[in-house]
Amino acid sequence: MQRVAEPAPEESGPGWLDPDTGLGRAARALADAVSGLLGGTDDADGDRAGGAAPEGRRSTAGLLRDVVGAVASAAASTAGSAATSAATSAGRRQDTAAAGDDDSRGPGTVLGELLAAAAPRLPIRDAARIRAAHPGRSDEEIADALTTRAARMTAAVGAATGGLSAAHWFAPPSLVALPLELGAETLLTAAVEVVLLGELHELYGRPAAGSDRERAAAYLASWTSQRAVEGGARQGMGTVLGTAGFRALRRRLSRRLARNLGSAAPLLVGAALGGRGNLKATETLARRVRSDLRRRDA
């Protein structure tokens with residue numbers, strides 16, 4: 001997140017949040033892809049249709065391929081470092097196992113760890129910077145523009161995933177890459193929506209409290225619950241990534257991953273299904289959270 005916050009005690013968090021780990025490097029790649037997809041924090045191209053890349057900016061498909069690489073790297077890192085990370089992550093995983101959840105290393109876990117590690121790096125602007133990018137518009141008009149931009153970007157990601165999957169159907173051996181591409185689509189759309197939710201909270205005068213990392217954790221929790229942040233209490237990564245919080249994040253990502261299976265349909269059907277599905281999901285999420293924020297503002 002790109003704003004200056006008051007100093008706050010650092011929360012240690014799980015060892016896999018360390019930026020020098022393989023997962024940390026993969027998280028940087030994800031955050032960089034989100035910044036590239038949204039054009040950094042520039043809204044000048046917010047009304048550009050279909051995710052077409054302006055001159056000098058990488059295409060959605062190219063950024064998606066970067067995230068595919070990040071997902072592959074994160075999966076390899078978490079598989080290879082399970083023993084060495086036991087000292088910092090055993091507590092959470094043992095609690096999860098004790099609760100009867102035997103999918104602790106499934107796809108949802110890898111995606112959840114990667115999204116959580118990337119969250120503090122996402123380009124979420126404060127209200128002043130958002131309004132400066134939309135001179136002459138009311139806050140409701142700006143919120144509409146933010147929603148439209150995010151929905152079009154997630155639709156472009158879904159369409160790009162469908163386009164990649166269409167190519168695989170003509171070369172069946174390459175179909176083994178589909179799970180990685182669906183995971184990348186899930187992560188990229190989720191990260192764009194976390195940015196959207198963070199900026200809506202800022203715009204409506206309901207920013208999460210605390211340091212950059214605490215605010216990122218709160219907006220990630222907001223995405224997980226699909227609701228606005230509750231109250232002004234600080235919410236650290238320890239809360240979001242505790243047993244119940246991380247299980248909820250993992251399940252939300254797993255459901256989103258399952259819903260994205262339409263992108264894998266043959267020919268260009270997947271592109272249409274993926275684009276339309278992501279567009280609708282992002283718009284629905286924005287409506288729900290904006291309703292929460294307006295109600296609390298009344």
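Values below: every heavy atom of this structure, side chains too, minus hydrogens, waters and symmetry copies.
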*side chain to side chain contact (heavy atoms under 4.5 Å, CB included) between Leu249 and Leu115: does it pass, once the steps are laid out?*
CA-CA 9 Å; Leu249 174 61; Leu115 182 59; 4.3 Å; yes

*With Ala184, which residues qualify under side chain to side chain contact (heavy atoms under 4.5 Å, CB included), at least two apart?*
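Ala184 satisfies side chain to side chain contact (heavy atoms under 4.5 Å, CB included) with Leu64, Val67, Val68, Val71 once adjacent residues are dropped.
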
*Any chance you could lay out the side chain to side chain contact (heavy atoms under 4.5 Å, CB included) test for Val157 and Val192, step after step, and finish with the verdict?*
CA-CA 10 Å; Val157 171; Val192 168; 5.7 Å; no

*asked:* Which residues pass the side chain to side chain contact (heavy atoms under 4.5 Å, CB included) test with Ser222, not counting sequence neighbours?
replied: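 Once residues adjacent in sequence are excluded, the partners of Ser222 under the side chain to side chain contact (heavy atoms under 4.5 Å, CB included) criterion are Leu197, His201, Val229.
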
*Can you list the residues that meet the salt bridge (charged side-chain N to carboxylate O under 4.0 Å, His left out) rule with Glu140, with sequence neighbours excluded?*
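Counting only residues at least two positions away or on another chain, Glu140 forms a salt bridge (charged side-chain N to carboxylate O under 4.0 Å, His left out) with Arg290, Arg294.
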
_Just to verify, what does Ala26 make a side chain to side chain contact (heavy atoms under 4.5 Å, CB included) with, not counting sequence neighbours?_
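Scan of Ala26 (side chain to side chain contact (heavy atoms under 4.5 Å, CB included), adjacent residues dropped) gives Ala70, Ser73, Ala74, Leu114.
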
*Electrostatic pair Asp126-Arg129, nearest N-O below 4.0 angstrom*: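 Not counted as a salt bridge, because no side-chain N and carboxylate O are separated by less than 4.0 Å.
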
*Apply side chain to side chain contact (heavy atoms under 4.5 Å, CB included) to the pair Thr284 and Arg287, showing each step before the final yes or no.*
CA-CA 5 Å; Thr284 299; Arg287 279 197 301 271; 3.3 Å; yes

*Could you pull out all residues at least two apart from Gln226 that satisfy side chain to side chain contact (heavy atoms under 4.5 Å, CB included)?*
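Gln226: side chain to side chain contact (heavy atoms under 4.5 Å, CB included) contacts with Trp223, Arg252, Leu285, Arg288.
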
*Once you round to the nearest 0.5 Å, how far does CD1 of Ile142 lie from CD of Glu199?*
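Answer for the CD1-CD pair, Ile142 versus Glu199, is 10.5 Å.
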
*Interatomic distance, Asp139 atom CG to Leu203 atom CG [nearest 0.5 angstrom]*: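 That separation rounds to 4.5 Å.
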
_Under the salt bridge (charged side-chain N to carboxylate O under 4.0 Å, His left out) test, residues paired with Asp66 that sit two or more places apart_ =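 Residues passing salt bridge (charged side-chain N to carboxylate O under 4.0 Å, His left out) with Asp66: Arg58.
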
*asked:* Would you say that Leu188 contacts Glu193 through its side chain, given a criterion of any heavy-atom pair below 4.5 Å between the two side chains?
replied: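 Leu188 does not reach Glu193 side chain to side chain.
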
